[in-house]
Protein chains: 2
Amino acid sequence: MFLADCQARLAFDLLANTWNAVVLWSLRHGPRRPADLRVQIGGISQKVLTETLRRLEFNGLVHRRAYAEAPPRVEYELTDLGRSLVEPIGALGAWAFEHAEEVMAAQDRAGA
Amino acid sequence: MFLADCQARLAFDLLANTWNAVVLWSLRHGPRRPADLRVQIGGISQKVLTETLRRLEFNGLVHRRAYAEAPPRVEYELTDLGRSLVEPIGALGAWAFEHAEEVMAAQDRAGA
């Protein structure tokens with residue numbers, strides 16, 4: 001069953017950390033400096049952003065570019081692989097936007 | 001930014017547990033008994049399946065139906081809300097199927 005085997009599960013494990021999806025989504029319009037990403041995302045600490053960017057880089061989803069300037073400038077951008085994940089992430093985000101209230105209502109009923 | 005707010009994050013938190021996606025996906029063709037789900041999914045323990053089904057029920061994504069028979073029979077099926085999540089889950093699973101090798105290759109290069 002395609003979802004139980006490790007290949008398909010890899011995508012869910014990647015998105016098991018919600019910040020991975022948030023940061024990938026925030027890079028969909030082009031390269032960004034970490035400071036700009038923090039402002040754009042809001043609610044993410046420097047530490048978590050750095051860890052997330054490193055994890056995304058490790059998985060080949062993001063590319064880090066350092067400019068030999070003074071002071072040094074660093075930008076992150078989606079790789080082709082990272083860009084290919086933006087659409088499924090968007091579909092999931094759109095689902096949440098549309099159905100979050102129904103889930104929360106179910107949680108309230110179940111919790112009541 | 002729509003992903004940083006709690007509503008959109010709810011979908012990712014739901015799928016942060018990979019078994020949620022696997023069990024929802026396994027119910028896409030109709031009601032199933034837990035024993036049949038275990039065979040279909042493969043690699044999931046009775047304990048994890050029971051916890052997952054309960055969690056999905058709590059979130060309004062799955063409905064439990066008990067039949068007054070001897071011995072008692074129980075089936076689980078997707079609610080409309082649960083069914084609406086099957087497509088984004090399928091999109092993510094398809095992405096993994098197509099790109100898992102590229103991710104694993106990037107992990108090898110990064111790990112080398």
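Since the model is a prediction, treat every value here as computed from it, not as a measurement. So you know, we letter chains A, B, ... as the sequences are listed, proteins then strands, and number each from 1.
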Notebook entry, point to check: Which residues, numbered in order, of residues 63-86 of chain A come under 4.5 angstrom of chain B by heavy-atom distance?
Noted result: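 When heavy atoms of chain B are the reference, residues 63-86 of chain A contributes Leu81(A), Ser84(A), Leu85(A) within the under-4.5 Å range.
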List, one per line, each side-chain donor-acceptor pair under 3.5 Å for residues 42-49 of chain A, sequence neighbours excluded.
unit_1	atom_1	unit_2	atom_2	d
Ser45(A)	OG	Val48(A)	N	3.0
Gln46(A)	NE2	Thr50(A)	OG1	3.2
Lys47(A)	NZ	Glu51(A)	OE2	2.8

Margin query: Please give me the minimum heavy-atom distance between Phe58(B) and Gly111(A), naming the atom from each residue.
Written below: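 Taking every non-hydrogen atom into account, CE1-N, 4.1 Å.
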Notebook entry, point to check: Just how far is it from atom CG of Leu61(A) to atom NE2 of His99(B), taken to the nearest 0.5 Å?
Noted result: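 That separation rounds to 10.0 Å.
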Notebook entry, point to check: Can you tell me how far CG of Leu92(B) sits from CG of Leu92(A), rounded to the nearest 0.5 angstrom?
Noted result: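 Going from the CG atom of Leu92(A) to the CG atom of Leu92(B) covers 6.5 Å.
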Check: What do the steps show when you test Leu14(B) against Trp95(A) for side chain to side chain contact (heavy atoms under 4.5 Å, CB included), and what is the final call?
Finding: CA-CA 12 Å; Leu14(B) 269 180; Trp95(A) 180 87; 4.0 Å; yes
